[in-house]
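One structure is given here, and the rest of the page talks about it.
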Amino acid sequence: MTSYDACIIGGGVIGCSIAAELSKRGYKTAILERGKAGNESSRAAAGLLGVQAEWDEYDPLFDLAKESRRMFPEAAAELRLETGIDIGYEEKGIYKIAETEEELHLLEQAAAWQTAAGEPALMMTGRELSEKEPLLTSALAGGVFYPKDGHVIAPALAKAYEQAALARGTEIFENTAAEELLVSSGKAAGIMVSGGKVIEAERIIISAGAWSTPFLKHFQCGMETYPVKGEMISVLSRKRLVHAPIYKNGFYIVPKREGRYLIGATVMERDYSKHIALNGMMGLMETAARILPSIREASFEDAWSGLRPQSSKGDPFMEEHPGIKGLYACTGHYRNGILLSPAAGKWMADLVEKIPAGGH
Ligand SMILES: Cc1cc2nc3c(=O)[nH]c(=O)nc-3n(C[C@H](O)[C@H](O)[C@H](O)COP(=O)(O)OP(=O)(O)OC[C@H]3O[C@@H](n4cnc5c(N)ncnc54)[C@H](O)[C@@H]3O)c2cc1C
């Protein structure tokens with residue numbers, strides 16, 4: 001029977017980041033992945049590292065998000081060195097835009113809070129925005145520029161963490177669904193997988209994204225994750241349309257390499273289907289064309305959907321079970337799992353090693 005120091009359920013960006021970190025620290029680690037690693041939410045993401053674009057007021061997760069954003073340059077270099085994969089890390093800032101004076105007022109409040117929190121935030125008039133990004137509509141009321149935010153290529157990041165985990169010794173079992181957690185004398189003992197096989201492990205980490213609920217039942221009642229489906233479109237343009245991501249109320253246009261622009265994303269709670277509705281695509285295209293009229297000339301490339309893992313408490317579960325030794329949850333990163341992945345890996349490895357938060 002195979003036995004591991006740690007076994008992780010789910011081979012998304014969160015599970016693979018944790019595995020890469022645990023293997024680096026010498027833990028014999030395995031990942032159980034129901035399908036193919038990195039093929040669910042982590043592959044669908046726009047890759048925004050939108051700490052300031054996403055948080056308009058204080059939340060404890062804001063600090064972890066800032067720490068994770070700070071980790072990206074080093075993580076990008078390390079992953080490239082170890083795996084040869086370029087995760088497309090770019091720190092060119094994010095523009096958050098307002099189409100009305102009311103929206104601009106809200107951005108001013110957010111920018112004032114960011115500045116007070118010590119993070120740079122540059123308010124811009126519509127004219128100043130046009131000088132920086134000339135193809136944006138001239139009808140914008142203004143915006144705010146967050147220079148420290150950035151983005152990565154999400155599928156590349158997921159692949160890089162998977163490859164780094166493998167290179168450091170993690171074993172990844174694909175097409176292997178975890179079915180039941182095994183607990184013995186108040187301690188994690190292993191996982192029963194499809195086919196009835198048992199994987200023994202002293203530590204079990206639940207990172208099954210939107211599908212974590214059956215395993216979270218061992219924690220307190222009502223602890224669950226659920227899907228928030230998002231649809232996205234990619235288009236190609238030979239003409240440079242924008243230089244940095246443009247963001248408005250969860251809608252964004254993200255410039256990637258080779259003339260690719262991602263337009264996202266719709267928000268549909270508790271929808272497990274992967275179906276891409278024309279309704280969602282039309283809404284995204286209409287908003288994109290209103291904000292950036294030249295995008296109408298771009299060529300359609302692809303459309304896809306993914307399931308963001310939302311947690312019942314709003315913020316992710318990143319904790320050890322209070323009563324079952326060696327049982328951990330790290331799931332429910334909702335719309336920021338790409339951003340939070342480096343910090344989540346370190347946080348969970350520290351928790352396993354019982355290093356206090358902020359230690360090292
Ligand atoms: C359209 C869209 C846009 C997004 N944009 C961004 C963005 O710009 N920035 C950002 O930071 N985040 C973004 N996100 C969110 C981000 O993608 C997620 O937060 C992140 O990918 C979650 O990673 P995960 O590993 O928890 O989940 P997943 O990637 O979903 O991985 C979970 C894995 O668990 C596996 N699994 C499930 N059940 C079992 C089982 N029983 N046994 C074994 N394996 C199992 C699944 O097959 C899956 O591979 C976006 C998401 C979507 C959908």
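Each ligand, and each atom within it, is numbered from 1 in the order the structure gives.
Side chains of T170 and S23: a donor on one and an acceptor on the other come within 3.5 Å. No hydrogens or angles considered: a donor-acceptor pair under 3.5 Å links the side chains of E54 and Y247. There is no side-chain donor-acceptor pair under 3.5 Å between T83 and Q163. A donor-acceptor contact under 3.5 angstrom links the side chains of S273 and K229, judged on distance only.
For the pair N39 and ligand 1, the shortest N or O to N or O distance does not fall below 3.5 Å. Considering backbone and side-chain atoms alike, Y334 places an N or O below 3.5 Å from some N or O of ligand 1. Looking at ligand 1, you'll find an N or O of G337 within less than 3.5 Å of one of its N or O atoms. Of the polar atoms of W211, none of the N or O atoms is found under 3.5 Å from an N or O of ligand 1, judged by distance alone. For a threshold of 3.5 Å applied to N or O pairs, the pair formed by M232 and ligand 1 contains no separation below that value. Between L48 and ligand 1, an N or O atom pair is found at a separation short of 3.5 Å. Close N/O approach between R34 and ligand 1 is found [any backbone or side-chain N/O within under 3.5 Å]. For the pair A210 and ligand 1, the shortest N or O to N or O distance does not fall below 3.5 Å. At a 3.5 angstrom cut-off on N or O pairs, L307 does not count as close to ligand 1. Any N or O atom pair closer than 3.5 Å counts here, and G35 shares no such pair with ligand 1.
The neighbour count for K313 NZ, taken as heavy atoms of other residues, nucleotides or ligands under 6.0 Å away, is above 12. Within 6.0 Å of NZ on K132 lie no more than 12 heavy atoms contributed by other residues, nucleotides or ligands. The number of heavy atoms from other shown groups lying within 6.0 Å of CZ (R43) does not exceed 12.
From the protein, the heavy atom lying nearest to atom 16 (C) of ligand 1 is S41 OG, 3.7 Å. In this structure, atom 21 (O) of ligand 1 lies nearest to the protein heavy atom S42 OG, 3.0 Å. Regarding atom 22 (C) of ligand 1, its nearest protein heavy-atom neighbour is P309 CG, 3.8 Å. Here the heavy atom of the protein found nearest to atom 34 (O) of ligand 1 is G10 CA, 3.3 Å. Among all non-hydrogen protein atoms, the one lying nearest atom 41 (N) of ligand 1 is A178 O, 3.1 Å. Shortest contact from atom 5 (N) of ligand 1 to any protein heavy atom: A46 N, 3.1 Å. The nearest heavy-atom contact from the protein to atom 51 (C) of ligand 1 is R308 CG, 3.5 Å. Of all protein heavy atoms, the one lying nearest to atom 35 (C) of ligand 1 is E33 OE1, 3.3 Å.
Residue-ligand proximity, G12 to ligand 1, at heavy-atom distances under 4.0 Å covers atoms 25 (O), 29 (O), 31 (O), 33 (C). Atoms of ligand 1 lying under 4.0 Å from any heavy atom of N336, numbered from 1 in the order shown and given with element: 10 (C), 11 (O), 12 (N). Against a heavy-atom cut-off of under 4.0 Å, G306 is close to the following atoms of ligand 1: 53 (C). Less than 4.0 angstrom separates some heavy atom of I14 from each of these atoms of ligand 1: 23 (O), 24 (P), 25 (O), 26 (O). Close approach to L339 involves these atoms of ligand 1, each under 4.0 Å from a residue heavy atom: 10 (C), 11 (O). Interface atoms of ligand 1 facing E40, defined by a heavy-atom separation under 4.0 Å, are 30 (O), 46 (C), 47 (O), 48 (C), 49 (O). With ligand atoms numbered from 1 in the order given, ligand 1 contributes 7 (C), 8 (O) to contacts under 4.0 Å with heavy atoms of G47. If you number the atoms of ligand 1 from 1 as listed, the ones under 4.0 Å from a heavy atom of H333 come out as 19 (O).
With a 4.0 Å cut-off on non-hydrogen atoms, P214 does not touch ligand 1 at all. Counting heavy atoms closer than 4.0 Å to ligand 1, residue F215 contributes side-chain atoms (C-beta onward) but none from N, CA, C or O. Residue contacts with ligand 1, taken as heavy atom pairs separated by less than 4.0 Å, involve R335 solely via the backbone atoms N, CA, C and O. Contact annotation: for L340 versus ligand 1, there are no heavy atoms closer than 4.0 Å.
Ligand 1 lies out of reach of G264, whose nearest heavy atom is not under 4.0 Å from it. For the pair T176 and ligand 1, a heavy-atom separation below 4.0 Å is found. Not a single heavy atom of T331 sits closer than 4.0 Å to an atom of ligand 1.
The pair R34-E179 fails the salt-bridge criterion, with no side-chain N (NZ, NE, NH1 or NH2) lying under 4.0 Å from an Asp/Glu carboxylate O.
When side chains are defined from C-beta on, L327 does not count as touching E320, because their heavy atoms never get closer than 4.5 Å. Using a 4.5 Å heavy-atom cutoff, the side chains of P120 and P147 are in contact. The shortest side-chain heavy-atom distance between M282 and M285 does not fall under the 4.5 Å cut-off.
Two rings, from F62 and W113, have their centers less than 6.0 Å apart.
Cation-pi geometry between K197 and F173 is satisfied (NZ or CZ under 6.0 Å from the ring centre, within 45° of the ring normal).
The minimum heavy-atom distance between A110 and D56, with the atom names listed, is CB-OD1, 3.5 Å. Heavy atoms only, all atoms of each residue included: K66 and A117 are closest at NZ-O, 4.2 Å. Here the closest non-hydrogen pair linking E33 and K36 is CG-C, 3.6 Å.
Judged purely by atom type and a 3.5 angstrom limit, S312 uses its side chain to pair as donor or acceptor with the backbone of E224. At distances below 3.5 Å, not a single donor-acceptor pair connects side-chain atoms of T225 with backbone N or O atoms of S311.
Exactly one residue among Q52, E57, Q109 makes a side chain to side chain donor-acceptor pair (under 3.5 Å) with Q114. That residue is Q52.
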